[in-house]
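Below is one structure; the comments refer to it alone.
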Amino acid sequence: MATLTENLAPLDLAFWNIETAEHPMHLGALGVFTCDSPAAAQHAAELLTSRAPQVPGLRMRIRDVWFGAGGAVREPAPHFEPAGHVRLADPTDDFHSAAGALMERSLDRSRPPWEAHVLPGADGTSFAVLFKFHHALADGLRALTLAAGVMDPQAVAPRTARASSTQEDGSGGLFGTLKSLPVALSGSLRRKAGALGQALDIGASVARATWDVRSSRALTAQATGTRRTAGAVIDLDDIHRIRKKTGGTVNDVLIAVVAGALRSWLAERGEPADEVRPRALIPVSRRRPRTHQPQGNRLSGFLIRLPVDEADPLTRLGSVRTDMDRSKEDGAHRGAGAVALLADHVPPLAHRIGGPLVGQSARLLFDILVTSVPLPSLGLRLAGCPLAEVYPFAPLAQGQSLAVAVSTYRGRVHYGLVADAAAVPDLEGLARALAAEVTDLGAAAAV
């Protein structure tokens, strides 16, 4: 149970400080629930309000501190009022349109940085809930755990590692500690030297990645801070059939679908794609399963070129698989995609002072974010209504026009798209292109 004050991890501190009012750094998830009563949405809002105080993580605020050289801490809010975090909206016939407008708005940084917006469907047969969590409060898996904590009791939240109350380190007390001190110091020096070398390696890779940029006008358009969301739902069996025919991983196929959809979408916009290879950042979790680790984001990433310029679907998939295999072979601690690891080598005060400048540099590092968010296979319910669809939304950094998040839920793949509304006004076209690309790729693989 998270009840004690703790310092923000370096990457969380970076997310907290690169945010601006025009470019909020929260992630989100839009869950669509089917219901048989127009009153279900109001009942859902009441349940979320009453259950939120029972989830310790939802009571945590982030407070800037000057001791510790300008860092921030995560601590329980002294006067937690759940009603200020749960809002019941007016009925709508377009959940994504409503979600886009809500994703534009920054979270209140003076209280626990999360919100739940209940969106009643105009037809009375469904409602949606848009959860927003600041990335400094939760990563994708942590946000899922917090949201699952306010679902109906029969829905079991994902298991998390349990903290051990003892540490079996074989130190042998004071004598053992003194005896091991020279070795510990030597190991510390080696780690510091290794960390410096790693930082220099990543820095050099980042510098190389800023050259030879071959992106599209849509992905490099001037961002305005406005938001639009869209989604696509795909049968997971179709993805598995493609993978079995072509090899590689499910993730390779899902990324290749994004590349093919971008190609079709650019063609509809009248923008040639034959020379476009945008840089895609693929986040990689550094959390180790079934181990206790401090709260906070622990991310690295792979940086690959999306083969939008390739006309053949199978060639695109092969290119993605080759790049991903090469990235995995190099490891998630090397290359420009591991830029998030540089946060560990920056003092807190530098995060606070340099955060706005770093936030403006995202466009130099990558063109599009493509991330996956794990979801439980069991069926979730709220107010007795089953969760039918769930669209994850990644944060959109300053200067970025488009982010793609993917989740698999009960046999279906959900793509959640977040875009700058001014830079990418036809986001629904890209969502349609994702579904069409699966059909094209499946047909090519079946030959």
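- Separation of atoms CG (L430) and CG (D426) is listed at 8.0 Å; rounding is to 0.5 Å.
- Looking at every heavy atom in both residues, V233 comes nearest to Y391 through CG2-OH, 3.2 Å.
- A salt bridge links D323 to R326: at least one charged side-chain nitrogen sits closer than 4.0 Å to a carboxylate oxygen.
- For residues 17-59, the set of pairs meeting the ring pair (Phe, Tyr, Trp, His ring centres under 6.0 Å) definition, not counting sequence neighbours, comprises F33-F127.
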Trace of the side chain to side chain donor-acceptor pair (under 3.5 Å) decision for D252 with T249
CA-CA 5 Å; D252 294 340; T249 68; 3.2 Å; yes
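- Aromatic ring orientation, W114 versus H85: parallel (interplanar angle below 30°, classes split at 30° and 60°).
- Rounding to the nearest 0.5 Å places CG of L382 at 10.5 Å from SG of C35.
- Between D367 and R277 no salt bridge is recorded (no basic side-chain N to carboxylate O distance below 4.0 Å).
- Surrounding CG of D36 are at most 12 heavy atoms belonging to other residues, nucleotides or ligands under 6.0 Å away.
- Here the rule is side chain to side chain contact (heavy atoms under 4.5 Å, CB included) with I239, and of N251, V438, T408 only V438 fits it.
- The existence of a salt bridge linking E437 and R316 is confirmed by a sub-4.0 Å separation between a basic side-chain nitrogen and an acidic carboxylate oxygen.
- Judged purely by atom type and a 3.5 angstrom limit, S106 uses its side chain to pair as donor or acceptor with the backbone of A21.
- Looking at heavy atoms from C-beta onward, V150 lies out of side-chain contact with L47 at the 4.5 angstrom threshold.
- Side chains of R381 and M151 form no contact here, defined as non-hydrogen atoms less than 4.5 Å apart.
- Using a distance-only test at 3.5 Å, with no hydrogens or angles considered, a donor-acceptor pair links the side chain of T226 to the main chain of A421.
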Applying side chain to side chain contact (heavy atoms under 4.5 Å, CB included), run through L375 and L144 and close with a yes or a no.
CA-CA 7 Å; L375 288 175; L144 166 65; 3.6 Å; yes
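- A donor-acceptor contact shorter than 3.5 Å links the side chain of R263 to the backbone of V308.
- Using a 4.5 Å cut-off on side-chain heavy atoms (C-beta onward), L58 and F133 make contact.
- Side-chain N or O atoms of T49 include one that pairs as donor or acceptor with a backbone N or O of A45 at under 3.5 Å.
- The only option from R227, H117, R87 that meets the side chain to side chain contact (heavy atoms under 4.5 Å, CB included) definition with L102 turns out to be H117.
- Nearest approach of A280 to L306, heavy atoms of both residues: CB-CG, 3.6 Å.
- Residues V32 and L387 have side chains not in contact (no heavy-atom distance under 4.5 Å, counting atoms from C-beta outward).
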Audit row: K132, L107, side chain to side chain contact (heavy atoms under 4.5 Å, CB included) steps and yes/no
CA-CA 8 Å; K132 294 167 54 177; L107 294 166; 4.0 Å; yes
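- Put simply, the side chain of Y415 never gets that close to the backbone of A435: no donor and acceptor are under 3.5 Å apart.
- Scanning both residues, G140 and L27, for their nearest heavy atoms gives N-CD2, 4.1 Å.
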Side chain to side chain contact (heavy atoms under 4.5 Å, CB included) between L281 and I368, intermediate numbers included:
CA-CA 6 Å; L281 179 63; I368 182 174; over 6 Å; no
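- Checking T224 against D420 by side-chain atom types alone, a donor-acceptor pair falls below 3.5 Å.
- For the pair L146 and M60, the minimum side-chain heavy-atom distance is 4.5 Å or more.
- Note that CG of D309 is 12.0 Å distant from CG of L262, once rounded to the nearest 0.5 Å.
- Taking the side chain as every heavy atom from C-beta outward, K244 and R241 never approach each other to under 4.5 Å.
- We find the CZ-CD distance between F366 and Q400 to be 4.0 Å, quoted to the nearest 0.5 Å.
- Between R51 and D152, the closest side-chain pair of non-hydrogen atoms falls below 4.5 Å.
- Within 6.0 Å of the CD atom in E104, the count of heavy atoms belonging to other residues, nucleotides or ligands exceeds 12.
- Annotation: cation-pi geometry not satisfied between R74 and W16 (NZ/CZ under 6.0 angstrom from ring centroid, within 45° of ring axis).
- At a threshold of 4.0 Å, the pair E428-R228 counts as salt-bridged, since one of the basic side-chain nitrogens sits closer than that to a carboxylate oxygen.
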What's the verdict on side chain to side chain contact (heavy atoms under 4.5 Å, CB included) for I255 and I304, showing C-alpha distance, side-chain angles and the deciding distance?
CA-CA 10 Å; I255 296 171; I304 69 170; 4.0 Å; yes
Passes side chain to side chain donor-acceptor pair (under 3.5 Å), S110 versus D108? Steps please.
CA-CA 6 Å; S110 67; D108 187 343; 2.7 Å; yes
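- A salt bridge links R109 to E19: at least one charged side-chain nitrogen sits closer than 4.0 Å to a carboxylate oxygen.
- Nearest heavy atoms, I62 versus P113: CD1-CG, 4.2 Å.
- Contact record, Y409 with L380: OH-N, 3.0 Å, taken as the closest heavy-atom pair.
- Of all the heavy atoms in T34 and A388, the pair that sits closest is CG2-CB, 3.9 Å.
- Looking at T229, its side chain does come within 3.5 Å of a backbone N or O of H96 through a donor-acceptor pair.
- Heavy-atom contacts from other residues, nucleotides or ligands closer than 6.0 Å to CD of E81 number 12 or fewer.
- If you take CG on L13 and CD1 on I18, they are separated by 10.5 Å, rounding to the nearest 0.5 Å.
- Expressed to the nearest 0.5 Å, how far CG of D12 lies from CG of D139 amounts to 8.0 Å.
- The side-chain heavy atoms of L369 and P283, taken from C-beta on, include a pair separated by under 4.5 Å.
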